[in-house]
Peer 1: 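Got a structure here, written out as structure tokens. Questions coming.
Chain identifiers are assigned alphabetically (A, B, ...) following the order of the sequence lines, protein sequences preceding nucleic acid strands; residue numbering begins at 1 within each chain.
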There are 2 protein chains.
Amino acid sequence: MLKYQQIANEIEQYIHEQNLKQGDKLPVLEQMMNQYGVSKSTITKALELLERKGVIFQLRGSGIFVRRHNRPGYMSLFSTQGFKSNLGDRVLTSDVIDVSVVKPDSTVAENLGIDVSDDVYRVERVRYVDGEVLCHEESYYVKAIVPYLNREIVADSIFDYVQSALGVTIGFSDMYLQVGRLTESEAEHLGLQENDPTLRIETIFHLTNGKPFDYSRITYHYTHSQFVIQANGPYM
Amino acid sequence: MLKYQQIANEIEQYIHEQNLKQGDKLPVLEQMMNQYGVSKSTITKALELLERKGVIFQLRGSGIFVRRHNRPGYMSLFSTQGFKSNLGDRVLTSDVIDVSVVKPDSTVAENLGIDVSDDVYRVERVRYVDGEVLCHEESYYVKAIVPYLNREIVADSIFDYVQSALGVTIGFSDMYLQVGRLTESEAEHLGLQENDPTLRIETIFHLTNGKPFDYSRITYHYTHSQFVIQANGPYM
DNA sequence: AAGTATAATTGTACCGGTACAATTATACAA
DNA sequence: TTGTATAATTGTACCGGTACAATTATACTT
């Protein structure tokens, strides 16, 4: 692991151990340099990561302060989207409905940047947090990039598998949000009524080299899903 | 304006002028250094901004490539949230329903980190994109930070006013998302039916010094609002 | 052609430095 | 006490450098 990532983790740990809360001040930059035995720019890089993650904010001339204190019951939108899990002590489980190799329809092919004759894995799941229905997911993986999947892998974290077993790393993703009404079959999976409200999110995940490898459509249970997003200026 | 921000803008402009598309390659780092006459780290900083913004991605050993090509009809979630407007050629207008100084209720006070005896501005608007109803907004501004507002300011961009006239800068924000059903009065403002689906977003905006200054509740028109979010690894 | 070693390209990690602007603390005056 | 200059603190911008890992191009085999 990179030094600045490692240090970012240690600082986050430090905040947790010392039980620092919203607005509390961290040691100054120079002290951190000495403490971790690295240069200023490495510390700065670590702090920048934590700032992006919403853990701290920095104020020039003043210091480094703890930012996060999220509302209980709200999940980070990205933690349910395959990224670094930030669910705290909540447990995420899945019912696997389908894992199969199919040909993509034109919409799926287009979103994945492939041809309709290329193979994809189709995965369908219902996901739960602490046993409560969270969402229904239908996702497609480019088989040329993810050559093998089975129900065991899919029941756990597909992203962990892809990253560790296949050695590919996920770079970035585009998410498209929309509110709508449930179809009959969706409602059945979620234990709701047809035409009930729902949040639909389509996501295209890309590798670090920019190639799409996963296109997924998620339909959220509207009373069991509340999300938090932490944004930073000046560019957002 | 800072050098690296300026250069980021110029590079974005360059992409636009050259009509570069998804996957197209930009000049290499060293060439940019010479072209803009700055050091490597400044270019790197500019590119990092653009990467966060979802405009480019960088691939070590290979080059810098154009990332963005968004779906038409989808707005950046942050562009309707007061940040750098990314609406393209769409026009954002407002009907101002209320601008008044009031005492906050306990929920508002808590979200703004103030006392119920402190004054706040209450602003209520209905917002439109290209004349179509987008959302209903109810927001509260800490009067100690924003001492004066009127209907003209509020009809335009409050954030522009706050930043330019008051010289305060917005640092970061926490957004809470939830799907629900419209109340009767909300439905009326949006031209929808009671119990229709809606996306509700509560946002707390903070200054760079960490103080909350705006708490807003927005209710979106579910068929007129589609959002895109661009996320970057490894920390999201 | 098709694979394989080798070299060139290219962005990133990390170092260490100077200058500076925003904040906060201090000293002093009214 | 209250305000006001002054100084100390502290993070950020920007410079310029070395080393390196991932990618891509090249030359060389088979």
Peer 1: Rounded to the nearest 0.5 Å, what separation is found between the OG1 atom of A:Thr208 and the CD atom of B:Gln58?
Peer 2: 12.5 Å
Peer 1: Taking atom P of D:dC14 as reference, at what distance in whole Å does atom OH of B:Tyr36 sit?
Peer 2: 15 Å
Peer 1: State plainly whether the residues B:Glu138 and B:Arg122 are in salt-bridge range, i.e. N to O under 4.0 Å.
Peer 2: yes
Peer 1: Taking pairing as Watson-Crick or G-U wobble with both contacts under 3.5 Å, can you name the mate of D:dT10, or confirm there isn't one?
Peer 2: C:dA21
Peer 1: In Watson-Crick or G-U wobble terms, both distances under 3.5 Å, what is the partner of C:dG16?
Peer 2: D:dC15
Peer 1: Between atom CG in A:Leu49 and atom C1' in C:dA13, what is the gap in whole Å?
Peer 2: 13 Å
Peer 1: Rounded to whole angstrom units, what separation is found between the CE atom of B:Met33 and the P atom of C:dT12?
Peer 2: 14 Å
Peer 1: Nearest heavy atom decides the nucleotide; on that basis, is A:Ile43 or B:Glu30 closer to the 5' end of DNA chain C?
Peer 2: B:Glu30
Peer 1: Whole-Å distance between D:dT24 P and A:Asn209 CG?
Peer 2: 8 Å
Peer 1: Ignoring hydrogens and geometry beyond distance, is the side chain of B:Lys40 in donor-acceptor contact with the base of D:dT18 at under 3.5 Å?
Peer 2: yes
Peer 1: How close or far is atom P of C:dA21 from atom CG of B:Leu2, stated in whole angstroms?
Peer 2: 11 Å
Peer 1: Reading DNA chain C from 5' onward, which residue's closest nucleotide shows up sooner: B:Ile64 or B:Thr208?
Peer 2: B:Ile64
Peer 1: Atom CD1 of A:Ile56 and atom C1' of D:dT12: how far apart are they, to the nearest Å?
Peer 2: 13 Å
Peer 1: Checking all strands, does B:Thr42 fall into the base, sugar-phosphate, or nothing category for heavy-atom contacts under 4.0 angstrom?
Peer 2: sugar-phosphate
Peer 1: Under 3.5 Å, is there any donor-acceptor pair linking the side chain of B:Lys3 to the base of D:dT12?
Peer 2: no
Peer 1: Check the phosphate of C:dT10 against B:Gln58, side-chain N and O only, distance under 4.0 Å to OP1 or OP2. Yes or no?
Peer 2: no
Peer 1: About how many Å separate OH of B:Tyr148 and CG of B:Leu166, when rounded to the nearest 0.5 Å?
Peer 2: 12.0 Å
Peer 1: For residues A:Thr107 and A:Glu110, determine if any side-chain heavy atom of one lies less than 4.5 Å from a side-chain heavy atom of the other.
Peer 2: no
Peer 1: With rounding to the nearest 0.5 angstrom, report the CZ to CZ distance, B:Phe213 to B:Phe205.
Peer 2: 7.0 Å
Peer 1: State which of C:dA21, C:dG11, C:dA13 makes the closest approach to the side chain of B:Leu29.
Peer 2: C:dG11
Peer 1: In whole angstrom, what separates A:Leu59's CG from C:dT23's C1'?
Peer 2: 7 Å
Peer 1: Measure from the side-chain heavy atoms of B:Arg60 and tell me the nearest of C:dC15, D:dG11, D:dA21.
Peer 2: D:dA21
Peer 1: Under a 4.0 Å threshold between the charged nitrogen and the carboxylate oxygen, would A:Arg71 count as salt-bridged to B:Glu202?
Peer 2: yes
Peer 1: I want to check one thing: is the phosphate of C:dG11, taken as OP1 and OP2, less than 4.0 Å away from some side-chain N or O of B:Thr44?
Peer 2: no
Peer 1: Select one nucleotide: of D:dG16, D:dT10, D:dA13, the one nearest the side-chain heavy atoms of A:Lys25.
Peer 2: D:dT10
Peer 1: Considering just the side-chain nitrogens and oxygens of B:Tyr4, establish if one lies under 4.0 Å of OP1 or OP2 belonging to D:dA13.
Peer 2: yes
Peer 1: Taking only N and O in the side chain of B:Ser62, is any of them less than 4.0 Å away from OP1 or OP2 of D:dT23?
Peer 2: no
Peer 1: C:dA13 C1' sits how many Å from B:Glu48 CD, rounded?
Peer 2: 13 Å
